[in-house]
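Just so you know, ligand 1 is whichever comes first in the structure, and atom 1 is the first atom listed for that ligand.
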Amino acid sequence: MERCRMQRRKAAAVTVSAYFELVFNLVKLIIQYYKELESEVVQVTEHVTVWETPMKRLEARNSFMACITSHGDISSTILIRMNGSSFKTLCTLLRDQGGLRCSWHMGIDEMVAIFLYTIAHNEKNRVLQKTCRRSGETISRVIKRVLNSVLKLHPILLRKPKPVLENLEDLRWKHFKNCLGALDGTIIDVRTTKEKKERYQMRKGTIGMNALGVCNQDLEFIYVLSGWEGSAHDGRFLRDAPIRPNGLKVPRGYYYLCDASYSNCQGFLAPY
Ligand SMILES: *[C@@H]1O[C@H](CO)[C@@H](O)[C@H](O)[C@H]1NC(C)=O
């Protein structure tokens with residue numbers, strides 16, 4: 001009798017544990033199923049973003065602009081490398097002095113934001129299409145328009161050089177009497193036609209364009225020269241700067257500081 005009860009209890013325990021295991025496995029299965037379903041859904045939506053509804057697209061555009069104009073200076077500095085007030089000033093300058101006009105579909109602030117975002121992060125057109133929700137053609141056109149307006153601002157944006165005076169307090173500059181600023185070159189990646197490729201090819205095989213920048217003591221640009229092929233030697237490129245129509249002017253007795261690679265090129269340079 002006793003034994004029989006024990007056996008029955010054991011059997012019941014086994015049944016209960018088996019039952020729990022079954023339920024447990026079932027739940028696990030269901031969770032797994034939903035997880036898979038979810039990942040499939042994500043994949044599908046990622047695939048379909050091209051066919052976003054106009055409303056969604058507008059929302060995404062607005063949130064991109066909000067990150068720049070209304071989420072504070074840290075957010076805008078991360079995205080376009082300047083704070084909100086500087087951004088507004090630049091937009092006004094481009095409109096009033098650079099002749100930038102808004103289009104039927106896009107305001108000046110969005111144009112400038114797309115332009116700045118591109119140059120701040122060296123971003124590709126395809127990436128921008130996703131970030132700004134604009135077509136590749138629109139982005140390319142907008143960037144050209146803003147760039148043309150920025151170029152028109154050169155009398156305002158480029159500074160007149162002022163020489164270092166003897167009584168200057170700044171520790172970094174006070175030993176360089178009559179120095180007008182510092183210059184250096186950099187290489188910008190470009191795409192060229194097949195015929196021009198050879199001239200733009202650099203030592204390591206990349207295709208690039210030389211650019212020369214000259215700054216004053218406050219790191220404000222005085223002069224920029226670009227367009228020389230990447231294969232051109234620094235010296236050749238620099239010799240060209242003073243003899244251009246709007247070239248780099250260096251009065252007698254004044255000089256610029258430069259990287260050692262430029263040092264034997266010109267009389268007006270002093271290596272730092
Ligand atoms: C924005 O940045 C400019 C230039 O760096 C600076 O002069 C200005 O004070 C900044 N404005 C604010 C509100 O932080």
Query raised in the report: Does atom 7 (O) of ligand 1 have a protein non-hydrogen atom under 4.0 Å from it?
Result: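 No, there is no protein heavy atom closer to it than 4.0 Å.
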Query raised in the report: Given D73, T77, N83, T89, which has its nearest heavy atom closest to atom 1 (C) of ligand 1?
Result: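 Nearest heavy atom to atom 1 (C) of ligand 1 lies in N83.
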Query raised in the report: Ring centroid separation for Y255 and F176, is it under 6.0 angstrom?
Result: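 No, the ring centres sit 6.0 Å or more apart.
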Query raised in the report: Got a donor-acceptor contact below 3.5 angstrom from the S75 side chain to the C67 backbone?
Result: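 Checked: pair present.
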Requested in this report: Say whether, by atom type as modelled, one donor and one acceptor occur between the side chain of N216 and the main chain of G181 under 3.5 angstrom.
Outcome: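 No, N216 side chain to G181 backbone: no donor-acceptor pair under 3.5 Å.
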Report task. Quick one: look up the protein heavy atom nearest atom 4 (C) of ligand 1 and list residue, atom name and how far away it is. Result ->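 Of every protein heavy atom, S86 OG, 4.0 Å lies nearest to atom 4 (C) of ligand 1.
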Report task. Using a strict cut-off of 4.0 Å, indicate which atoms of ligand 1 neighbour a heavy atom of S85. Result ->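 Those of ligand 1 that fall under 4.0 Å from S85 are 1 (C), 11 (N).
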Query raised in the report: Do R134 and E110 meet the salt-bridge criterion of a basic N to acidic O distance under 4.0 Å?
Result: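 Between R134 and E110 there is a salt bridge, with a charged N closer than 4.0 Å to a carboxylate O.
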